[in-house]
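The structure under discussion appears below in the form of structure tokens.
Not measured: the values here are computed from a predicted model.
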Amino acid sequence: TRKFTLITQNVDGLHQKAGSNNVAELHGNIMREICFQCRKPPNITLNIMSECEIPKCPICGGFYRPDVVWFGEQLPRKALYLAINAAEKCDLFLSVGTSAVVQPAASLPILAKQNNALLIEVNLTITPLTPIVDHTLTGPSSRILPALIDKVWEIKY
């Protein structure tokens, strides 16, 4: 069976809204909240951006905040594990629209390549990853990815 894992540094949740499954959100999701102190999510739906007072966690009394990674914080363990596992086991790794400098995400394509995956970069410009990829597709991902899918579909079927 084929398995697809989408690894993203985006925090907007749009991949899931578009129907993607098996998404590793390395930098969290702005549409969720967690407690500053105990890191537990609320058991009710909050909208802290529209609240007059910041809600407090009933478990520890800490304030809620958006569930995104801030500078200096560690990535969510589960998302990082999913991303590393996918990079180690994949046959094909597409690096799309990234500067390829933010760690540890920047090391994932290298990990995939070290484990014999075909590495394709789709980007507007060259990156530190460009010298080691198998193929570079230069241009906007909104144009390149549909064309790539059409070509693969044409070859396969």
Side-chain angles (χ1 to χ4, degrees), residues 2-36 38-42 44-51 54-55 63-115 117-153:
R2 301 265 182 215
K3 184 176 179 183
F4 178 82
T5 302
L6 195 148
I7 303 166
T8 184
Q9 294 173 281
N10 296 343
V11 297
D12 54 21
L14 292 179
H15 289 298
Q16 293 88 331
K17 284 187 178 183
S20 296
N21 297 311
N22 207 34
V23 178
E25 295 176 306
L26 292 182
H27 292 164
N29 188 315
I30 195 81
M31 305 309 289
R32 295 187 307 251
E33 294 87 13
I34 57 168
C35 175
F36 260 111
C38 70
R39 311 294 286 182
K40 302 275 190 229
I44 59 168
T45 302
L46 297 176
N47 185 353
I48 59 175
M49 301 307 279
S50 67
E51 300 282 334
I54 299 174
F63 289 109
Y64 283 109
R65 60 166 255 202
D67 187 10
V68 295
V69 176
W70 290 350
F71 288 103
E73 291 183 334
Q74 292 186 359
L75 300 185
R77 213 177 318 192
K78 184 178 175 183
L80 184 58
Y81 173 79
L82 177 62
I84 290 170
N85 190 47
E88 288 176 336
K89 295 179 180 175
C90 70
D91 297 318
L92 169 66
F93 193 106
L94 293 171
S95 177
V96 180
T98 179
S99 65
V101 295
V102 177
Q103 292 293 349
S107 65
L108 294 171
I110 297 165
L111 180 60
K113 179 86 171 154
Q114 289 170 340
N115 284 279
L118 179 67
L119 181 53
I120 300 173
E121 180 179 42
V122 178
N123 216 320
L124 293 171
T125 61
I126 62 168
T127 71
L129 189 60
T130 304
I132 69 158
V133 301
D134 296 298
H135 302 283
T136 300
L137 304 173
T138 305
S141 62
S142 60
R143 183 178 51 82
I144 301 267
L145 292 178
L148 181 61
I149 290 169
D150 287 347
K151 193 65 170 170
V152 168
W153 193 265

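For residues 91-103, the set of pairs meeting the salt bridge (charged side-chain N to carboxylate O under 4.0 Å, His left out) definition, not counting sequence neighbours, is empty. Evaluation of the salt bridge (charged side-chain N to carboxylate O under 4.0 Å, His left out) test over residues 121-148, restricted to residues two or more places apart or in two chains, returns Lys113-Asp134. Screening residues 71-89 for side chain to side chain donor-acceptor pair (under 3.5 Å) gives Arg65-Glu73, Asn85-Lys89 as the qualifying pairs, with residues at least two apart or on separate chains. Within the structure, salt bridge (charged side-chain N to carboxylate O under 4.0 Å, His left out) pairs that include any residue of residues 5-30 comprise Glu25-Arg32 (at least two apart or interchain).
Among residues two or more places apart in sequence or in another chain, the side-chain contact (heavy atoms from CB on, under 4.5 Å) test is passed with Leu80 by Leu26, Leu75, Ile84, Pro104. A search for side-chain contact (heavy atoms from CB on, under 4.5 Å) contacts involving Ala117 returns Cys90, Ala112, not counting sequence neighbours. The side-chain contact (heavy atoms from CB on, under 4.5 Å) check on Ile144 picks up Val122, Leu137, with sequence neighbours excluded.
Here the closest non-hydrogen pair linking Ala100 and Pro128 is O-CG, 4.0 Å. A pairwise comparison of heavy atoms in Ala24 and Ala79 identifies CB-O, 3.6 Å as the closest pair. Between Phe93 and Ala87, the shortest heavy-atom distance links the atoms CE1-CB, 4.1 Å. Closest approach of Ile34 to Pro66, counting heavy atoms only: CG1-O, 4.3 Å. Nearest approach of Pro146 to Ser141, heavy atoms of both residues: CD-O, 3.6 Å.
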Chi angles and distances behind the side chain to side chain contact (heavy atoms under 4.5 Å, CB included) call for Val11, Val68 = CA-CA 7 Å; Val11 297; Val68 295; 3.9 Å; yes

task = Might you work through the side chain to side chain contact (heavy atoms under 4.5 Å, CB included) test for Leu82 and Thr5, ending with a clear yes or no?
result = CA-CA 8 Å; Leu82 177 62; Thr5 302; 4.1 Å; yes

request  = Could you walk me through whether Ile132 and Ile110 pass side chain to side chain contact (heavy atoms under 4.5 Å, CB included), step by step?
outcome  = CA-CA 8 Å; Ile132 69 158; Ile110 297 165; 3.7 Å; yes

message = Could you walk me through whether Phe4 and Val23 satisfy the side chain to side chain contact (heavy atoms under 4.5 Å, CB included) test, starting with their C-alpha distance in whole Å, then the side-chain angles of each, then the deciding distance to 0.1 Å, before giving a yes or no?
response = CA-CA 9 Å; Phe4 178 82; Val23 178; over 6 Å; no

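In the displayed structure, Asp150 atom CG is contacted under 6.0 Å by more than 12 heavy atoms of other residues, nucleotides or ligands. Heavy-atom contacts from other residues, nucleotides or ligands closer than 6.0 Å to CG of Leu92 number more than 12.
Atoms NE2 and CG, on His15 and Asn10 in that order, are 4.5 Å from each other to the nearest 0.5 Å. From Thr136, atom OG1 reaches atom CD1 of Ile126 across 9.5 Å, with rounding to the nearest 0.5 Å. Separating the CG atom in Leu94 from the CG atom in Leu119 is a distance of 8.5 Å, to the nearest 0.5 Å. One finds the CD1 atom of Ile30 at 9.0 Å from the CG atom of Asp67 (value rounded to the nearest 0.5 Å). With rounding to the nearest 0.5 angstrom, the NZ atom of Lys3 is 11.5 Å from the CG atom of Asn21. Rounding to the nearest 0.5 Å gives a distance of 8.5 Å between OG1 of Thr98 and CG of Leu129.
Proximity of Ile7 to Leu108: side-chain heavy atoms (C-beta onward) are separated by under 4.5 Å at one or more points. For the pair Pro109/Val133, no side-chain contact is recorded, criterion being any heavy-atom separation below 4.5 Å from C-beta on. Taking the side chain as every heavy atom from C-beta outward, Cys35 and Phe63 never approach each other to under 4.5 Å. Put simply, the side chain of Val101 does not reach to within 4.5 Å of the side chain of Thr127, judged on heavy atoms.
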